[in-house]
Amino acid sequence: MAVLRKAPWIWVDGELKPWDEAKIHILTHALHYGTGVFEGIRAYADGDKLYVFRLKDHIKRLFESAKIYFLDIPYSLDDLYQATVKLLKANGLVEDCYIRPIAFRGYGYIGLNPLNSPIHVAIAAFPFGKYLASRGVRCCTSSWRRIPSYALPPQAKACGNYINSVLAKVEALKAGYDEAVMLDDKGYVSEGSGENIFIVRNGVIYTPPVYSDILEGITRASVIEMACRLGYRVVERPIARTELYICDEAFFTGTAAEVTPILSVDDRTIGTGEEGPITNRIRRLFENIVRGKIKEYRKWLTEVKIK
Ligand code: PY5
């Protein structure tokens, strides 16, 4: 069984608690009904400091997800920003980390109405390496469709949404693939189980629009900005399933996935079956940006001195 590597502290409702003491009650509303929202953030180690990638943007999205569910986070954006920095310093880890803030409805009431259950906020940060294989992944199209926003808005990063992603991910793994590509309810390409998707055709980069029921990824927005600045044309438009089979290149983006090449979809090899040149250029630029090596993108990084 895969186990997380522990860190000394977890920030819970305003205080740092030892890792093993950060616990919740069995009757936590969010455990039963998925009534929580969360974020995934990465911090990259460089000597004695960490660079947190787009920390403010992630916390802002946490508040936006919470707003959709009337989940009034009892902290300000700046409070959670400072709490994250404080946690990273307290943990003292100078290695690549994953940061997981979560706001959720706690123990109080067993009925569906969440509004009378207490709201808790926690932030965990722990050592984390690659999420998907860096050389690339083999994908299948999931038989599970991405939840349509008229049923459950994928634009909110809500805990309950992820049961849809879990169905797709497990289906892909059991069929011998690494990752699933989900279609939206109209049959257009939506996203991976936990990543946004891009394809390249004749030098132009395409990615599904928000109305294809995607999470508006922060890595996606970053890659769009980077690709435009490199001089590529980036077009947000619906993508047909068959375009995945005949495109020149395809890749996933996400906090966990970073920039990961897609090598095949439904057993159709993409391009040469290896990372394509445009994907390679974007991935390398991304890797340099997150480690603070490119001056004009330093604006995306929060530098946290650890020692
Ligand atoms: N789409 C979905 C469904 C996601 O869960 C994620 C992030 C993304 C897209 C990419 O968004 P961003 O670029 O803002 O990270 N997924 C989480 C992550 O930390 C959880 C994955 C296990 O990457």
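Every value quoted in this text rests on a predicted model; they were computed, and no experiment measured them. One-based numbering, in listed order, for ligands and for the atoms of each. Throughout, numbering of the chain's residues begins at 1 and tracks the sequence.
Close N/O approach between I41 and ligand 1 is not found [any backbone or side-chain N/O within under 3.5 Å]. Remark: ligand 1 and I218 share an N or O pair separated by less than 3.5 Å (distance only, no angle test). Here's the thing with T219: one of its N/O atoms is less than 3.5 angstrom from an N/O atom of ligand 1. Close N/O approach between Y162 and ligand 1 is found [any backbone or side-chain N/O within under 3.5 Å]. Note: no N/O pair closer than 3.5 Å links H58 and ligand 1 by distance alone. Every N/O-N/O distance between R146 and ligand 1 stays at or above 3.5 Å.
Residue contacts with ligand 1 include S193, since one of its heavy atoms falls under 4.0 Å from the ligand. Using a 4.0 angstrom heavy-atom cutoff, E39 does not count as in contact with ligand 1. Residue contacts with ligand 1: R61 is included, with a non-hydrogen atom under 4.0 Å away.
A salt bridge is absent between R283 and E258: the closest approach of a Lys/Arg side-chain nitrogen to an acidic carboxylate oxygen does not fall below 4.0 angstrom. Salt-bridge formation is detected for the pair E243/R201: a Lys NZ or Arg NE/NH1/NH2 atom is positioned less than 4.0 Å from an Asp or Glu carboxylate oxygen. Checked for salt-bridge contact, D46 and K293 miss the test: no charged N lies under 4.0 Å from a carboxylate O. Taking the charged nitrogens against the carboxylate oxygens, D213 and R145 have no contact shorter than 4.0 Å, which rules out a salt bridge. A salt bridge links R291 and D96; the closest N-O separation between the charged side-chain nitrogens and carboxylate oxygens is under 4.0 Å. For R54 and E39, the salt-bridge test fails: no basic side-chain N is under 4.0 Å from an acidic carboxylate O. Ionic pairing of K67 and D72 is not present here: no N-O contact between side-chain nitrogen and carboxylate oxygen is shorter than 4.0 angstrom. R281 and E275 are not joined by a salt bridge, as no carboxylate oxygen comes within less than 4.0 angstrom of a charged side-chain nitrogen.
F251 pairs with exactly one of V223, T260, I270, T207 by the side-chain contact (heavy atoms from CB on, under 4.5 Å) rule, that one being V223.
Of all the atoms in ligand 1, the ones that sit under 4.0 Å from a non-hydrogen atom of G40 are 19 (O).
In terms of protein heavy atoms, atom 7 (C) of ligand 1 is closest to K157 NZ, 3.3 Å. Among protein heavy atoms, atom 6 (C) of ligand 1 sits closest to G194 O, 3.3 Å. Closest to atom 23 (O) of ligand 1 among all protein heavy atoms lies A256 N, 2.8 Å. Protein heavy atom closest to atom 15 (O) of ligand 1, with residue, atom name and distance, is T255 OG1, 2.5 Å. Remark: minimum distance from atom 11 (O) of ligand 1 to any protein heavy atom is reached at G217 CA, 3.4 Å. Distance from atom 1 (N) of ligand 1 to its nearest protein heavy atom, with residue and atom name: E191 OE1, 2.6 Å.
The closest heavy-atom contact to atom 20 (C) of ligand 1, among the options Y98, F53, Y131, comes from Y98.
Stacking of R229 on the aromatic ring of Y297 is recorded, both the 6.0 Å distance cut-off and the 45° axial limit being met.
Clustering ILVMFWY residues whenever any of their side-chain heavy atoms sit less than 4.5 angstrom apart, transitively, puts I119 in a cluster other than the one holding Y33.
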